Amino acid sequence: MGLLSSKSKEILLGPLSKNNPVIVQMLGICSALAVTSKLEPSIVMGISVTAVVAFANVIISLLRNTIPNRIRIIVQLVVVAALVTIVSEVLKAFAYDVNKQLSVFVGLIITNCILMGRLEAFALGNGPWAAFLDGIGNGVGYAVILVIIGFFRELLGSGTLLGLRVVPQAFYDFGYVNNGLIILPPMALIVVAVIIWVHRSRNKTLQEN
Amino acid sequence: MEELLSTFVRSIFVDNMIFAYYLGMCSYLAVSKNVKTALGLGVAVTFILVCTLPINYLLENYVLKEGALSWLGAGFADVDLSFLSLIIFIAIIASFTQLVEMVVERFAPALYASLGIFLPLIAVNCAILGGSLFMQQKAFAHAGVATVYGLGSGIGWLLAIVGMAAVREKLAYSDIPKPLKGLGITFIITGLMGISFMCFSGLKI
């Protein structure tokens with residue numbers, strides 16, 4: 001890729017695996033768990049968060065030299081809240097059913113720690129283009145985890161993917177039963193734990209002592 | 001009275017902020033390493049929830065909701081400001097956290113020192129904004145119910161974080177597979193605690 005220097009590439013691709021916001025930095029876990037009982041809301045949530053992180057990063061990065069340090073958290077919250085309001089109105093207009101399923105969690109993007117974390121740690125110290133790439137990278141890293149969790153929970157819990165039946169009827173005739181437990185909230189935590197387990201056994205440097 | 005009591009019990013056990021909605025997970029995972037700080041943070045979160053929920057309830061019902069401004073005169077009867085609710089709620093929460101921080105710093109310096117960075121971070125704790133958003137969704141009958149809901153959610157959150165901290169203190173001595181150590185096992189334990197809290201979900205009051 002001639003378009004991106006190696007540093008930009010690192011900023012964009014780092015969050016996908018070894019610096020993943022959800023399973024390594026532990027940010028934005030609340031929504032990652034709550035919306036993933038089906039695949040479709042997981043994808044929509046991933047896209048929404050990516051959009052908000054990217055644009056909030058750009059705006060804060062442009063403003064970074066004019067914001068007084070003492071009130072920066074409130075300024076950040078206002079910028080994020082305005083962006084989330086836009087996203088929520090767009091979802092209401094074009095994806096009403098998904099918006100209903102996501103319920104309060106669209107609003108809760110405001111307090112999603114990925115946003116505050118990236119704004120504080122990156123956008124306040126870097127230029128707009130780098131901040132935009134960082135936002136996209138982290139948003140996609142978040143979305144990937146959501147999609148993985150949503151995939152397994154919908155497949156094992158309801159036997160469907162995106163609402164289409166995947167597990168053939170013959171299985172049910174043999175006595176296969178959907179695992180109802182996996183749709184319930186506590187199992188999401190255990191699915192995440194398994195993802196962390198797999199990820200850390202492949203990246204030994206991340207293991208804790 | 002009955003409504004208050006049932007809202008209170010439900011918000012602690014059935015609609016527990018952490019086990020049923022995973023709200024406030026970030027600080028829950030970060031601060032649950034020992035019981036004492038966990039308790040302090042839990043109390044602070046409960047306090048902010050109890051203070052901000054009634055304020056946001058009144059704002060929601062007398063300013064933001066469709067037709068809420070009708071007390072100003074007939075001309076305002078169909079004004080709908082609900083698209084502003086996210087910004088208003090988060091502004092109230094952030095300014096209230098700032099206020100509490102200043103009061104605690106002035107009158108209880110010891111507590112202030114022990115809570116440290118976690119006090120300002122309460123503003124971005126999802127459990128607080130989540131409380132306000134659920135309040136908006138559930139449309140409580142009056143501000144009293146909203147206050148009790150805030151108290152119950154806060155206590156539920158406190159129970160969860162203190163319980164987790166107690167388990168984690170013991171975990172230091174157990175033999176856990178390496179990749180699961182730390183974060184992974186914490187998730188699994190939270191999941192197991194959540195499953196045990198599910199036994200309350202049939203509770204009818």
Side-chain angles (χ1 to χ4, degrees), chain A residues 23-35 70-71 73-74 76-78 80-82 84-86 88-89 92 103-117 181 184-204 206-209, chain B residues 16-30 83-91 93-95 97-98 120-121 123-137 176-198 201:
Chain A
I23 57 178
V24 179
Q25 302 177 42
M26 286 206 290
L27 300 173
I29 295 176
C30 330
S31 52
L33 299 169
V35 300
R70 280 193 72 91
I71 58 160
I73 291 198
I74 296 191
Q76 289 165 0
L77 282 176
V78 170
V80 173
V84 172
T85 308
I86 296 172
S88 132
E89 298 291 312
K92 263 183 213 153
S103 74
V104 299
F105 291 98
V106 177
L108 284 174
I109 297 178
I110 297 176
T111 50
N112 192 317
C113 327
I114 294 183
L115 281 155
M116 294 310 280
L181 188 63
L184 295 171
M187 284 307 289
L189 292 158
I190 294 180
V191 173
V192 176
V194 172
I195 295 177
I196 293 174
W197 193 350
V198 172
H199 187 250
R200 292 205 173 168
S201 16
R202 297 186 47 184
N203 296 276
K204 296 247 183 322
L206 294 172
Q207 294 175 5
E208 296 170 35
N209 291 310
Chain B
N16 187 291
M17 280 286 178
I18 286 186
F19 299 129
Y21 300 111
Y22 329 95
L23 294 178
M25 281 296 281
C26 307
S27 40
Y28 169 80
L29 293 170
F83 66 94
L84 282 178
S85 55
L86 290 177
I87 293 190
I88 302 273
F89 287 171
I90 199 71
I93 291 168
S95 43
T97 315
Q98 198 97 55
L121 280 187
V124 285
N125 188 322
C126 353
I128 315 266
L129 183 63
S132 285
L133 293 176
F134 278 123
M135 173 273 293
Q136 187 183 27
Q137 199 181 48
I176 302 160
K178 261 209 144 178
L180 259 185
K181 253 189 189 163
L183 192 54
I185 195 74
T186 313
F187 271 100
I188 291 189
I189 292 170
T190 315
L192 295 178
M193 285 166 83
I195 290 177
S196 63
F197 261 65
M198 268 165 52
S201 61

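The basis for the numbers below is simple: all heavy atoms, side chains too, and nothing from hydrogens, waters or symmetry mates. None of the values given here were measured: they were computed from a predicted structure. Proteins get letters first, then strands, A, B, ... in listed order; numbering begins at 1 in each.
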*Asks:* Of all the heavy-atom pairs spanning B:Gly194 and A:Pro186, show the shortest one and how long it is.
*Replies:* C-CG, 3.6 Å
*Asks:* For a quick test of reading the model, state the closest non-hydrogen atom pair linking B:Gly184 to A:Ala193 and the distance between them.
*Replies:* O-CB, 3.6 Å
*Asks:* Specify which of B:Gln98, B:Met193, B:Gln137 makes the most heavy-atom pairs with chain A at under 4.5 Å.
*Replies:* B:Gln137
*Asks:* May I have the step-by-step check of side-chain contact (heavy atoms from CB on, under 4.5 Å) for A:Leu189 and B:Met25, ending in yes or no?
*Replies:* CA-CA 11 Å; A:Leu189 292 158; B:Met25 281 296 281; 3.6 Å; yes
*Asks:* Which region of B:Phe134, side chain (C-beta onward) or backbone (N, CA, C, O), has a non-hydrogen atom less than 4.5 Å from a non-hydrogen atom of chain A, or is it both or neither?
*Replies:* both
*Asks:* Heavy-atom distance under 4.5 Å to chain A: side chain of B:Met198, backbone, both or neither?
*Replies:*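 Side chain of B:Met198 only, per the 4.5 Å heavy-atom cut-off to chain A.
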*Asks:* Can you tell me how far the CH2 atom of A:Trp197 sits from the CD1 atom of B:Ile188, to the nearest 0.5 Å?
*Replies:*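 Going from the CH2 atom of A:Trp197 to the CD1 atom of B:Ile188 covers 6.5 Å.
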*Asks:* With a 4.5 Å cut-off on heavy-atom pairs, point out which of A:Ile196, A:Val191, A:Val80, A:Ile195 contacts chain B the most.
*Replies:* A:Ile196
*Asks:* Between B:Ile87 and A:Thr85, which heavy-atom pair has the shortest distance, and what is it?
*Replies:*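 Heavy atoms only, the tightest pair is CG1-OG1, 4.2 Å.
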*Asks:* Do you know the tightest heavy-atom contact between A:Leu77 and B:Ala94?
*Replies:*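 What the structure gives for the nearest pair is CD1-CB, 3.9 Å.
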*Asks:* Ignoring hydrogens, what is the shortest heavy-atom contact between A:Arg200 and B:Lys181? Give both atom names and the distance.
*Replies:* NH1-O, 3.8 Å
*Asks:* Determine, step by step, whether B:Leu129 and A:Ile110 satisfy the side-chain contact (heavy atoms from CB on, under 4.5 Å) criterion, reporting the C-alpha distance in whole Å, the side-chain angles of both residues, the deciding distance to 0.1 Å, and the verdict.
*Replies:* CA-CA 9 Å; B:Leu129 183 63; A:Ile110 297 176; 4.1 Å; yes
*Asks:* What part of B:Gln136 is in contact with chain A, defined as an atom under 4.5 angstrom from a non-hydrogen atom: side chain, backbone, both or neither?
*Replies:* neither
